[in-house]
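Indexing begins at 1, ligand by ligand and atom by atom, following the structure's order. A quick note: this is a predicted structure, and the numbers were derived from the prediction, not measured.
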Amino acid sequence: MPPTTVSPSPVPGPAGPSPAHPARVRVLHQGCGGGGNPGPVVYWMLRDQRLADNWALLHAAGLAASSAAPLAVAFALFPKPFLLSARRRQLGFLLRGLRRLAADAAARCLPFFLLTGGPAEIPALVRRHGASTLVADFSPLRPVREALDAVVGDLGRDAPGVAVHQVDAHNVVPVWAASGKLEYSAKTFRSKVSKVMDEYLVEFPELPAVAPWDREQPDDVDWEALSDRVCSEAENVPEIDWCEPGEVAAMEALLGSKDGFLTKRIKSYENDRNDPTKPRALSELSPYLHFGHISAQRCALEAKKRRHLSPKSVDSFLEELIVRRELADNFCYYEPNYDSLSGAWDWAKKTLQDHAADKREHIYTREQLENAKTHDPLWNASQLEMVHHGKMHGFMRMYWAKKILEWTSGPEEALSVAIYLNDKYELDGRDPSGYVGCMWSICGLHDQGWKERPVFGKIRYMNFAGCKRKFDVDAYISYVKRS
Ligand code: FAD
């Protein structure tokens, strides 16, 4: 992929009216930064689909407030082919979340523009309202970067006075501030992130008050009709019902008084998180984090407040939430081939190539794998957990992907099948953590070399016997069958 204008080298953001840390903001196009143009500020919401605890929205509101200008929020629905091949499962969740967000925005007199024609409609919206600044949030994934590049290019040509800023509202430590390069492992990344953590892991301020919106109002959205249309155009992977979208539901999952992760379940995280028969030992926050319905920073702040309840559990949770999750963004940001064998480290490419022609005991087609038709009941159960529940247990994801390496004709095919299935069925799929999870399992990414063996070469191996030693395999299979 050619380099995008969203270059890895940070262009420091503006200090002054923004409540966001200056290093969280990058100026993608200078414009005249609102100088002499009191036009509104438009926040182009991409992956941080929430109004609370959102540094991009805070930054946009800070700029608007400083020039007594109004603020609008825009979301552009990627048209078919949907962003990263979203299926009905993910699109339904996204739209139901946006519907709630639109209602919350209306209650705060914040205009919310839903653009069904895709990101190409953003420049027209900006021009139509004479905006001074466009603020976008951040994703390291190629199609989102390409869409942002196109918008920056379009505005640079036709509305050069409009400033374009980007804010990393997804990561606790902004990706470009955490490290200026591709990190080799969690160890190297952790030490960099820890050094600057206190600077970024701070409470969120109130949203600055902005001038009332005095322009053309957004069109009313017929959410039912939109959802019917979009879902009928998408591949039919049914929606799930155990996870309600939106900010309120996400906060309930984190802090609910009945069954919230931090309020009721955190204590068992340390001991039980690798036991797939106890899925509620995990936070189950990944769909909310993926769609940005909750901020990782909010989860981290609340976890730290409760560290006394179970220091080991909280520390392990923060390790996954911050180090592992943000390492995935680091990889996808600095490695354009984040979802292919060519993005693997050299030692891993070599060992996989050395063993690419090894005889496989079982070879399954993508269809057989998708339909859970293998000889291994444990693997089949994990596949069915993902297909029907929309979220496979974290421990099983590793076993699942490693067996795909063992049972397909070569590492490229294994990686592409794993990513295809992960993105199709996981509610939290189509995410940097998904690409990195598949790359870790199949291509040894962020891992070390292990004892060489057939097919895997030096890639870490996992087997059924190992799972049997770790947890009650039959109980997991029965649990998946029951649910
Ligand atoms: P918890 O254990 O409660 O963790 C809290 C949060 O930390 C998670 O929500 C997630 O944001 C982050 N996290 C936890 N483990 C990891 C990890 N290994 N890498 C990066 N971040 C992590 N995660 C996704 O969000 N989307 C995916 O599509 C995805 N696909 C994966 C595929 C494979 C093959 C593997 C090995 C891992 C994958 N992961 C993915 C990472 C991890 O398995 C999930 O984030 C986790 O299972 C989500 O459940 P939870 O929220 O209950 O996790």
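Of all the listed residues (M392, M386, E320, H290), E320 holds the heavy atom that lies closest to atom 22 (C) of ligand 1. Distances from atom 39 (N) of ligand 1 to the heavy atoms of S316, S433, A328, A303 show the closest one on S433. Nearest to atom 17 (C) of ligand 1 by heavy atom, out of R397, R324, E284, is R324.
Counting atoms of ligand 1 from 1 in the listed order, those under 4.0 Å from a heavy atom of N422 are 27 (C), 28 (O), 30 (N), 31 (C), 32 (C). Interface atoms of ligand 1 facing G429, defined by a heavy-atom separation under 4.0 Å, are 28 (O). Against a heavy-atom cut-off of under 4.0 Å, A401 is close to the following atoms of ligand 1: 34 (C). In summary, the atoms of ligand 1 found under 4.0 Å from a heavy atom of S441, numbered by their order in the structure, are 34 (C), 36 (C). Per-residue contacts place S283 under 4.0 angstrom from the following atoms of ligand 1 (heavy atoms of the residue considered): 1 (P), 3 (O), 5 (C), 50 (P), 51 (O), 52 (O). Ligand 1 places these atoms under 4.0 Å from at least one heavy atom of S286: 9 (O), 25 (O), 48 (C), 49 (O), 51 (O). Residue contact check: R325 has heavy atoms under 4.0 Å from atoms 11 (O), 20 (C), 21 (N) of ligand 1. Listed by number with element, the atoms of ligand 1 under 4.0 Å from a non-hydrogen atom of M398 are 36 (C).
The backbone N or O of D423 lies less than 3.5 Å from a partner atom in the side chain of Q90, making a donor-acceptor pair.
In E367, the CD atom is not crowded: 12 or fewer heavy atoms of neighbouring residues, nucleotides or ligands sit closer than 6.0 Å.
Ring geometry for Y479 versus Y476: interplanar angle of 30 to 60°, hence tilted. Note: H165 and H59 have tilted aromatic rings, judged against thresholds of 30 and 60 degrees for the angle between ring planes.
Here F471 and F395 bring their ring centres to under 6.0 angstrom of each other. Proximity of the aromatic rings of H293 and F93 is defined here by a centroid distance below 6.0 angstrom, and this criterion is met.
When all heavy atoms of P238 and R89 are compared, the pair lying nearest together is O-NE, 2.8 Å.
The nearest heavy-atom contact from the protein to atom 47 (O) of ligand 1 is G394 CA, 3.3 Å. Atom 26 (N) of ligand 1 has D428 O, 2.9 Å as its closest protein atom, hydrogens excluded (heavy atom only).
For the pair S313/I266, a side-chain contact is recorded, criterion being any heavy-atom separation below 4.5 Å from C-beta on.
Ligand 1 has no atom lying under 4.0 Å from any heavy atom of E426. Distances shorter than 4.0 angstrom do not occur between any heavy atom of Y288 and any atom of ligand 1. Residue contacts with ligand 1 include F317, since one of its heavy atoms falls under 4.0 Å from the ligand.
Only the side chain of K391 comes within contact range of ligand 1, with a heavy atom under 4.0 Å; no backbone atom does. The proximity of L289 to ligand 1, defined as any non-hydrogen pair under 4.0 Å, is limited to the side chain. Using a 4.0 Å cut-off between heavy atoms, Y269 contacts ligand 1 through its side chain alone, with no backbone atom that close.
A salt bridge links R460 and D447; the closest N-O separation between the charged side-chain nitrogens and carboxylate oxygens is under 4.0 Å. Salt-bridge formation is detected for the pair D354/K350: a Lys NZ or Arg NE/NH1/NH2 atom is positioned less than 4.0 Å from an Asp or Glu carboxylate oxygen.
The N/O atoms of W440, backbone and side chain alike, include none that comes under 3.5 Å of an N/O atom in ligand 1.
Both cation-pi conditions hold for K402 and W440: the charged atom is under 6.0 angstrom from the six-membered ring centre and inside a 45 degree cone around its axis.
The line from NE2 of H389 to OG of S382 is 13.0 Å long, rounded to the nearest 0.5 Å.
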